[in-house]
Amino acid sequence: MKRNLNQKLIDLVEYYNLINSNLLLSKTPLKRIDTIKTHVFTGTKIEKLNKLKNKIQLIKNCDLKKSATKQVFSDGNINSKIMIIGEGPGANEDAIGKPFVGRAGKLLDKMLSSIKLDRTKVYISNVVNYRPPENRKPTDDEIKRYLPYLKSHIEIINPKILLLLGSTALNALIGDEVVISKARGKWIQKEIGASNPWIIASFHPAFLMRQPEQKKLAWIDLKMIRDKSKKLKI
Ligand code: URA
């Protein structure tokens, strides 16, 4: 009887060690990113992209829209099999209406050219399509608000490779529990709507401008993209 009780206690301790009690006891709801529905559009690729753009234009009560001047939707080749996602537009992007046209964009262009890519060969967008004031990071609510549109965007482009630049894009699409320094340089395949791209995260060019010693790691990630493109015959 006593032995039985001891065994039960051991089993119980093992069981509690197996489950994440922090998650069980936490009052904050789990972010179930994968349950967020995408918007479905019909027509050709260009028609679908235009419908998505119009839908984003119609978003109401969004704080970002109060200060931003333009929607920043995308740049690059809509038929590319490589899609790149940044965080959100800055002042230059807001003025011109295209992603990555400022200093971070120049560095992104250099990074791409190091693996023989340019904007005619990739497609680029951001987690949010309007400039956050003072270039702050988009808030969790803003990210959540734009996520269904971003997922639809990925679904329409249907890339084979998805490069997430920085923690905002990584956390929006993969989840909050991952950090960029640990998650970068690793391939994962994940369904996003009807699309099932190979996903890799790397450092954001703006971060690399502040921490140039990290460029050697970004170079490793770029070479991984180059090798994967060859393997996938992109
Ligand atoms: N940083 C981003 O994340 N996106 C841009 O478009 C420009 C800078």
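Both ligands and their constituent atoms are indexed starting at 1 by order of listing.
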Should the heavy atoms of other residues, nucleotides or ligands under 6.0 Å from CD of Gln189 be counted, would the total exceed 12? yes
Assert yes or no for the condition that the ring centre distance of Tyr123 to His153 is strictly below 6.0 Å. yes
Give the minimum heavy-atom separation between Leu173 and Ile192, together with the two atoms involved. CD2-CD1, 4.2 Å
In chain-and-number order, ligand 1 lies under 4.0 Å from a heavy atom of each of Gly86, Glu87, Gly88, Glu93, Pro99, Phe100, Asn126, His204
So is Lys160 actually on top of Trp198's ring, under 6.0 Å and inside 45° of the axis? no
Does the distance from a Lys or Arg side-chain N to an Asp or Glu carboxylate O, for Glu142 and Arg136, drop under 4.0 Å? yes
Less than 6.0 Å separating the ring centroids of His204 and Phe100? yes
